[in-house]
Student: 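Provided herewith is a single structure, encoded as structure tokens, for subsequent inquiry.
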Amino acid sequence: MVGRDEQLGGLRSALASAAGGVPVTVVLGGEAGVGKTRLVTEFAAEAERDGARVVVGQCVNLGGDGLAYAPITGALRELAAQLGTDALLSAAGPGRAALAGLLPELPHDGGQPAATSQGRVFEAVTGLLEQVAAERPLVLVLEDLHWADRATRQLLGFAVRALGSARVLVVGTYRSDELSRDHPLRRLLAELERVRTVHRIDVPRLTEREVAEQLTALAGQRPPADAVRRIHARSEGVPFFVEQLADLDDGTTLPESLRDLLLVRVEQLSEESQRLVRLLAVGNDRVEHDLLAAVAAVDPDALDRGMREAVSANVLRVDGDGYAFRHALVREAVHDDLLPGEHARLHALYAATLERRLASGAGPRRAVTAEAAHHWFCAHEHEKSFAASLRAAAEARSLAAYDEAQRNFERALELWDQVPEAAQEAGFDHVELLARTASAANNAGEVDRARALVDAALTEARAAGDAVEPGRVARLIGFRATLLSELGLPGATDEMRRALELIPDDPPTPRRARLLQKYVSRLMMDGRHAEAVALGREAAAVARAAGEPETEFRAYVVLGPSLVHAGQVDEGLEALRTAQRLAGDRPEWLVAFHINMSDSLHLLGRYAEAAEVAREGIDGARSVGLARTLGTMLTGNAAEPLLALGRWDKAERLIARGLELDPPGRHVWQLTGLRSWLALWRGDVEAASRSADEVRERLAGRAPGPQYSLPAARAAAEA
Ligand SMILES: Nc1ncnc2c1ncn2[C@@H]1O[C@H](COP(=O)(O)OP(=O)(O)OP(=O)(O)O)[C@@H](O)[C@H]1O
Ligand SMILES: [Mg+2]
């Protein structure tokens, strides 16, 4: 490798830091072909020699339709291959169920993998990396982040902050020239930039001297000075083009543009081989041999001949049991060079072949349906793409791959107007499609988008009048209220009441029970305890009558603290014990019990007991892989009574550890608010107001309910 001393130096010191327990993330940016992959490959080889473990995850370019977590899945597969599945599973600990969704080939206890929240997947992956790195430093390379799917971007944003003191170095590469103004990676990079442990390394073009070195290495002898000058000018110092130009340069016939240069090798192939190369360019980043054979529909000898030719001309390379382009740039050039009709025809060929294979039961379903939907879309076959998108969305949803489900639903929404009889084809109306998309978006963590979709669904439902039954409108209003509540926006409580008014109270239905329970929960958060008490009992009764054990449990768990607040202490603690009994040994329900029980005990001034219950809850949360979300909430619940008991140091340690885990918004408010109090009591007014400011900044425009905003306001006022 030529040059790159400075960049290698940066990577080396990042690894040293990570190995010492200060996890670091490096983002390597540079234009296409400038040598990012080469640089990380050389660095990774060196790191391995020095005792680190390296795994690589590759983002795939599916025109913005990349499968959720694609590079993460790839990296985990590599990890599984290195460690063996048993060791991987044991390192995953409580996260193994969530991992099963990413790696369906892992052995699990039969049946479909359980629906998993995104938070759990994040915790599972981060926890696994932490565990694996305990043995020796781990380098996780994520290649070509400009193609990363949203789930991967979110996971990366989470992991970078959450990795605590794990010995993990994350290296992400991306093409800087690929980032348009509104490219989604920009937001992540900006977000990462604010994290202290993230370093950005630029990979620049080569200087003329370096180009000379590269040419010397390629040819085995020093090229004449004028050739160096010409190639340096022509390649603009991009090593990929230097390579391409090296054996073309006979002093006369250099292609006009760099794009033409990319196609030179392809055009030198036989017509038969070129046809296969074009076909491959339309497929995925990597196309397996069997699929290519089915799509190409030529006899096996001709296929092998054509592929061998392209491989020996260095256009393609063999990749496991499939083929890929030697370099993505060539694939893109071939793809861009297709005639419009040819482009659509080849995509349709893939789609039809994939669906034929699906029908015959070959291959993993989920990925294949999504891919077929993508190909039909590119082929402008709207009806087929619509149908396949809906199927892919349903499959993704059943696997809790919400991001992917949302993307497929969104495509179906886009196609709706172009499909005759869309409602009949889908089996539901447009309002329902909006609602399902919103639900997927919400589960994928895109709450703002979910809200916009629900608003659209409601507007449409209302415009349709009687055509949409009141129960569905109620459900939409209820959903909207939940989103408002999640976003910390005002109006949630009233919306819920409106939705409830639309649902008849007889017979007791699960829907009514669930909404009633959520309403009670909102009332409690708004501090309206008397109303919460009155309706809480009703919610529990309706839930029981409707056969909804979880809702019944949740009703009691909320009823308890409301009673305590309303001064009915014994009844309140009794309701909480009922909740505990209903939870049985379901760890996730128990966590909710621990939260509200510790809250109530704290309110009653029974601090030692409150801290103890919260601590039990923290352990429970950790055991089900929810340390960062509900676990941090419980951290606040444990720290608060400790503060009251005067055990400041212990409280402070808990708060610090909780904040390190980078919990979601409102848990941060709580912990930062507590830290502000602590500083105040210690007489450190400056630190107190700093923390208070931080809370205020985070709270801006949000109304999270008095339980969050009051302590912050109080602390701020005192400071
Ligand atoms: N410093 C270098 N010295 C010698 N050869 C290099 C150097 N950097 C890159 N190359 C060669 O140039 C070609 C392109 O490099 P590479 O694939 O690493 O680029 P990239 O930045 O990863 O491109 P892309 O954005 O398409 O992923 C490779 O064949 C690589 O071996
Ligand atoms: Mg690369």
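We count ligands from 1, going down the list as the structure has it; atoms in each ligand are counted the same way.
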Student: Could you check whether Ser180 and Asp182, counting side-chain N and O atoms only, form a donor-acceptor pair closer than 3.5 Å?
Tutor: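 Short answer, yes.
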
Student: When you measure from atom 10 (N) of ligand 1 to every protein heavy atom, which one gives the shortest distance, and what is it?
Tutor: Pro239 CB, 3.6 Å

Student: Do the charged groups of Glu271 and Arg278 touch, with an N to O distance under 4.0 Å?
Tutor: yes

Student: Between the candidates Gln58, Arg331, Gln214, Lys36, which shows the shortest non-hydrogen contact distance to atom 21 (O) of ligand 1?
Tutor: Lys36

Student: Side chain, backbone, both or neither: which part of Glu243 has a heavy atom under 4.0 Å from ligand 1?
Tutor: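 Answer for Glu243: side chain.
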
Student: Considering only the protein, which heavy-atom contact is closest to atom 17 (O) of ligand 1, and what is its distance?
Tutor: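 Ranked first by proximity to atom 17 (O) of ligand 1 is His327 NE2, 3.0 Å.
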
Student: Taking side-chain hydrogen bond (donor to acceptor under 3.5 Å, both in side chains) as the criterion, tell me which of His146, Lys36, Glu143 meets it with Thr173.
Tutor: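 The passing option is Glu143.
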
Student: Just verifying a value: how many Å separate Glu355 CD and Tyr350 OH, rounded to the nearest 0.5 Å?
Tutor: 15.5 Å

Student: Does ligand 1 come near enough to Val34 that some N or O of the ligand is less than 3.5 Å from an N or O of the residue?
Tutor: yes

Student: Give me the residue, atom name and distance of the protein heavy atom closest to atom 22 (O) of ligand 1.
Tutor: Thr37 OG1, 2.7 Å

Student: Could you tell me whether ligand 1 has any atom less than 4.0 Å away from a heavy atom of Ala32?
Tutor: yes

Student: Is Arg175 paired with Glu31 through a side-chain N to carboxylate O contact shorter than 4.0 Å?
Tutor: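 No.
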
Student: Between Arg38 and Glu42, does at least one N-O distance fall below 4.0 Å, as a salt bridge requires?
Tutor: yes

Student: Can you check which of Asp144, Leu28, Val40 brings a heavy atom nearest to atom 27 (O) of ligand 1?
Tutor: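 Looking at heavy atoms only, the winner is Asp144.
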
Student: Could you state the interatomic distance from CZ (Arg200) to OH (Tyr174), rounded to the nearest 0.5 Å?
Tutor: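 With rounding to 0.5 Å, CZ (Arg200) is 3.5 Å from OH (Tyr174).
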
Student: Taking both backbone and side-chain atoms of Met1, is any N or O found less than 3.5 Å from an N or O belonging to ligand 1?
Tutor: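 N/O-N/O distance under 3.5 Å: no.
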
Student: May I ask you to say whether Glu210 pairs ionically with Arg205, meaning some side-chain N is under 4.0 Å from a carboxylate O?
Tutor: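 No.
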
Student: Could you tell me how the ring of His375 sits relative to the ring of His347: parallel (under 30°), tilted (30 to 60°) or perpendicular (over 60°)?
Tutor: tilted

Student: Report the nearest protein non-hydrogen atom to atom 5 (N) of ligand 1: residue, atom name, distance rounded to 0.1 Å.
Tutor: Arg38 NH1, 3.2 Å

Student: Calculate, to the nearest 0.5 Å, the distance between atoms CG and CG belonging to Asp290 and Asp321 respectively.
Tutor: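 Here the rounded value is 7.5 Å.
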
Student: With atoms numbered from 1 as shown, which atoms in ligand 1 lie under 4.0 angstrom from a non-hydrogen atom of Arg175?
Tutor: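 Numbered from 1, ligand 1 contributes 24 (P), 25 (O), 26 (O).
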
Student: Please determine whether Thr37 has a backbone or side-chain N, O or S atom lying under 2.8 Å from the Mg ion (ligand 2).
Tutor: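 Coordinating: yes.
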
Student: Look at atom 3 (N) of ligand 1 and find which of Val2, Thr41, Asp177, Leu206 reaches it with the closest heavy atom.
Tutor: Val2

Student: Do Gly35 and ligand 1 have an N or O pair less than 3.5 Å apart?
Tutor: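 Between Gly35 and ligand 1 (N or O atoms, distance only) the closest approach is under 3.5 Å.
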
Student: Which heavy atom of the protein is the closest neighbour of atom 23 (O) of ligand 1, given with residue, atom name and distance?
Tutor: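 Checking every protein heavy atom, the shortest distance to atom 23 (O) of ligand 1 gives Gly33 N, 2.9 Å.
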
